Amino acid sequence: MTTSMAHLFVTILLVAAHTAFAETNMLQDLCVADLKGTKVNGYACKDPSQVTPEDFYYIGLAAPADTSNTATGSAVTAGNVEKIPGLNMMGTSMSRIDYAPGGLNPPHLHPRASEAIYVLEGRLFVGFLTTTGKLISKHINKGDVFVFPRALLHFQQNPNNAPASVIAAFDSQNPGTQSVGPSLFGANPPIPDDLLAKAFGVEAQVIQKVKGKFPAKK
């Protein structure tokens with residue numbers, strides 16, 4: 001009897017888990033995001049009668065972004081659900097990244113997505129770090145594709161004298177981005193200086209100097 005009850009319990013759990021997973025899939029043709037509505041782990045669906053072609057259209061990735069006013073010489077133009085409401089519940093999005101000569105997209109990660117980049121122009125040095133500290137890196141050229149696994153630190157650098165640009169694809173409608181420098185040294189409230197000093201093996205004065213380069217997030 002005990003064994004039968006255990007089997008029944010496991011079966012119920014498996015059915016419940018399968019049902020919960022299935023419910024994350026689309027249950028209708030589309031679910032255009034209501035960007036003004038309540039946000040609970042995503043956006044509610046817009047009234048289908050109010051859906052227009054513009055909900056599925058975005059011209060923002062067509063032209064290079066201005067990299068002259070960025071500290072690192074790179075600019076990211078997002079094409080996520082907040083720019084393309086029709087992406088809601090589709091689990092995909094895109095971005096364009098432009099790099100000035102010598103520009104860098106600093107080490108960062110996307111907590112909710114893997115990323116694949118396609119080089120539109122130029123040549124880049126790209127790479128990611130595994131959790132064991134191994135650097136996987138490569139120089140890539142126009143027409144090449146490189147993939148960054150979900151939630152692993154990665155970067156792109158343009159070591160050349162000409163601009164470069166890529167299109168990035170994500171398996172999330174809103175992949176999120178966490179950059180190492182701003183996250184550690186621009187946190188709000190701030191991470192204590194002595195904690196960071198011990199973590200990096202430097203004096204607290206060094207941490208204070210680095211923090212001066214990263215204004216606290218609001």
Side-chain angles (χ1 to χ4, degrees), residues 12-70 72 74-99 103 105-106 108-121 143 145-152 154 156 163-179 182-183 186-188 215-218:
I12 292 172
L13 285 179
L14 290 174
V15 171
H18 176 75
T19 302
F21 176 77
E23 288 297 323
T24 64
N25 295 326
M26 289 281 283
L27 300 178
Q28 60 262 354
D29 291 340
L30 49 87
C31 177
V32 173
D34 180 1
L35 300 179
K36 297 180 180 179
T38 303
K39 185 177 181 181
V40 181
N41 196 31
Y43 291 96
C45 300
K46 185 178 182 180
D47 183 342
S49 67
Q50 301 300 314
V51 171
T52 72
E54 301 306 310
D55 291 321
F56 301 88
Y57 173 80
Y58 183 54
I59 198 173
L61 307 185
D66 183 10
T67 59
S68 62
N69 294 323
T70 65
T72 59
S74 70
V76 179
T77 305
N80 56 25
V81 67
E82 295 175 354
K83 300 293 180 64
I84 312 172
L87 288 176
N88 196 38
M89 298 296 293
M90 291 189 181
T92 187
S93 60
M94 301 175 69
S95 289
R96 176 180 177 133
I97 312 170
D98 294 290
Y99 314 82
N105 191 10
H108 63 282
L109 60 86
H110 304 292
R112 297 182 289 275
S114 299
E115 175 183 3
I117 60 171
Y118 172 82
V119 183
L120 294 173
E121 293 291 343
V145 171
F146 196 85
V147 176
F148 306 105
R150 179 190 300 262
L152 291 187
H154 60 281
Q156 303 106 33
S165 59
V166 305
I167 290 291
F170 303 92
D171 59 345
S172 170
Q173 67 184 39
N174 190 12
T177 301
Q178 187 171 35
S179 297
S183 294
N188 185 20
K217 297 180 180 180
K218 296 182 180 180

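What you see is a predicted model; the values in this text were computed from it and never measured. Because only heavy atoms are used, hydrogens play no part in the values below, and waters and symmetry mates are left out as well, while side chains stay in.
Scored by the side-chain hydrogen bond (donor to acceptor under 3.5 Å, both in side chains) test, S95 finds no partners at all (sequence neighbours excluded). Residues meeting the side chain to side chain contact (heavy atoms under 4.5 Å, CB included) test with N69, sequence neighbours left out: D66. Remark: Y58 pairs with no residue by the ring pair (Phe, Tyr, Trp, His ring centres under 6.0 Å) rule, at least two apart or across chains. For S172, the side chain to side chain contact (heavy atoms under 4.5 Å, CB included) partners are R112, A113, P175, not counting sequence neighbours. Taking S183 as the reference, nothing meets the side-chain hydrogen bond (donor to acceptor under 3.5 Å, both in side chains) condition, with sequence neighbours excluded. Applying the side-chain hydrogen bond (donor to acceptor under 3.5 Å, both in side chains) test to Q156 and every residue at least two apart in sequence or in another chain returns Y99, N105.
The closest side-chain heavy-atom distance from L30 to F56 is below 4.5 Å. Using a 4.5 Å heavy-atom cutoff, the side chains of L120 and R96 are in contact. Contact check for D98 versus P163: no side-chain heavy atoms found under the 4.5 Å cut-off. Side-chain contact between V32 and N88 is absent, with no heavy-atom pair separated by less than 4.5 Å. Residues H154 and H108 are in side-chain contact: their nearest non-hydrogen atoms beyond the backbone lie under 4.5 Å apart.
Residues S93 and N80 approach most closely at CB-CA, 3.8 Å, considering heavy atoms.
Taking the six-membered ring where tryptophan is involved, the planes of H110 and F170 are perpendicular, since the angle between them exceeds 60° and thus also 30°.
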